[in-house]
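Structure record follows, encoded as structure tokens.
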Amino acid sequence: MTETDADRDRGLFTQISHSRTADEVVQQIEQLILDGVLRDGDRLPGERDMAQAFDVSRPILREALKELETRGLLVSQHGGGTFVADIIGQVFSKPVTELISRHQRASRDYLEYRRELEGLTAELAARRATETDKALLARIIADMRRAHESGSAEGELAADIEFHNAIGEAAHNVILLHTMRACYRLLSQGIFFNRKAVFALEDAGERLLQQHVAIYEAIVAGDGERAKRAAQAHIDFVMQAVEDASRADERGRVARLRLLSRAAQPVSGRASKQTTTEGTDLSK
């Protein structure tokens with residue numbers, strides 16, 4: 001662990017000031033997970049550093065970590081360290097996720113649900129965002145601009161998800177935070193629709209960037225109503241873009257089928273059938 005990492009960890013965990021029991025360590029780590037400070041997949045510091053940060057003995061720390069593993073919040077890999085468990089994806093169970101992925105109408109229902117959720121989250125973020133929250137949003141917007149200017153579709157997609165997750169954090173409501181993360185987990189896995197197809201539409205990248213900037217500016221200004229309207233207008237655009245992309249995909253599919261059908265049928269064969277048909281009609 002580098003000195004920088006050690007400094008960060010000392011700031012992340014605070015010394016136990018009371019009876020120094022495992023329960024107090026458990027409570028503090030649970031709070032960090034609940035608040036979204038520790039995310040799924042994050043690796044915890046080494047045992048010695050954590051014990052020092054909490055100012056507890058190693059046996060107490062081990063007892064706490066074992067309890068958190070029992071609760072399904074941490075996972076330990078032999079020789080590889082201790083990690084925050086993947087609990088966010090479990091908000092939507094695997095059978096529900098697979099069911100959703102098999103039915104196209106779920107895409108619109110998802111966006112309809114997100115429209116209201118994003119509006120509420122942006123409104124709360126405008127009212128509650130700290131200076132640190134605003135600084136993070138500004139950094140993400142800058143990343144989004146650079147990705148757009150350089151033509152990096154992957155960079156834009158990554159910044160898009162990070163931006164909305166950061167708004168969820170700025171709302172300072174843990175239920176909204178974890179619900180939003182679960183939604184974006186499914187979105188990043190392509191469960192609802194192909195986000196790349198949406199970005200590929202003409203001028204979509206520029207328009208999406210401006211929509212994100214509008215949401216950001218409303219949040220920084222502390223204007224909850226404007227932030228809500230901007231967030232919902234953004235989803236309205238995405239809904240229309242998804243429909244347009246879907247129609248374009250369907251037209252392309254039909255055109256390819258027609259081409260395959262023509263390729264499989266020789267021109268001479270079609271001409272012969274046409275001649276036969278015409279001859280039959282004349283004989284009548």
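Keep in mind the model is a prediction, meaning the values are calculated, not measured.
- Between A171 and L124, the shortest heavy-atom contact is CB-CB, 3.9 Å.
- Applying the salt bridge (Lys or Arg N to Asp or Glu O under 4.0 Å) rule to pairs touching residues 207-222 yields nothing, sequence neighbours excluded.
- Evaluation of the side-chain contact (heavy atoms from CB on, under 4.5 Å) rule for E156 yields A147, H148, F199 as partners, not counting sequence neighbours.
- With sequence neighbours left out, the side-chain hydrogen bond (donor to acceptor under 3.5 Å, both in side chains) criterion links Q27 to no other residue.
- Applying the 6.0 Å contact sphere to CZ of R39 captures more than 12 heavy atoms from other residues, nucleotides or ligands.
- Counting only distance, with no hydrogens or angles, the side chain of R114 and the backbone of C183 share no donor-acceptor pair below 3.5 Å.
- For R108, the salt bridge (charged side-chain N to carboxylate O under 4.0 Å, His left out) criterion is met by E243, not counting sequence neighbours.
- Checked against side-chain contact (heavy atoms from CB on, under 4.5 Å), Q210 has the following partners two or more places apart in sequence or in another chain: E206.
- Remark: D143 pairs with R146 by the side-chain hydrogen bond (donor to acceptor under 3.5 Å, both in side chains) rule, at least two apart or across chains.
- In terms of heavy atoms, K228 sits closest to A122 at N-CB, 4.4 Å.
- Annotation for I167: hydrophobic cluster partners, listed by chain and number, are L136, L137, I140, I141, M144, F163, L209, V213, I215, Y216, I219, V220 (ILVMFWY side-chain heavy atoms under 4.5 Å, direct or chained).
- Annotation: side-chain contact (heavy atoms from CB on, under 4.5 Å) contacts of D55 (sequence neighbours excluded): Q15, R20.
- Contact detail for A227 and A126: the closest heavy-atom pair is CB-CB, 4.0 Å.
- Using a 4.5 Å cut-off between side-chain heavy atoms of Ile, Leu, Val, Met, Phe, Trp and Tyr, I175 falls into a hydrophobic cluster with L34, V174.
- Apart from V75 itself, the hydrophobic cluster it occupies contains F83, where clustering links Ile, Leu, Val, Met, Phe, Trp and Tyr at side-chain heavy-atom distances under 4.5 Å.
- Applying the salt bridge (Lys or Arg N to Asp or Glu O under 4.0 Å) test to pairs two or more places apart or on separate chains, those with a residue in residues 121-133 are E123-R127, E131-K134.
- Within 6.0 Å of atom CD in E116, more than 12 heavy atoms from other residues, nucleotides or ligands are found, so the atom counts as buried in its surroundings.
- Using a cut-off of 4.0 Å between Lys/Arg side-chain N and Asp/Glu carboxylate O, E69 and R62 are scored as not salt-bridged.
- A search for side-chain contact (heavy atoms from CB on, under 4.5 Å) contacts involving A64 returns A22, V25, V26, not counting sequence neighbours.
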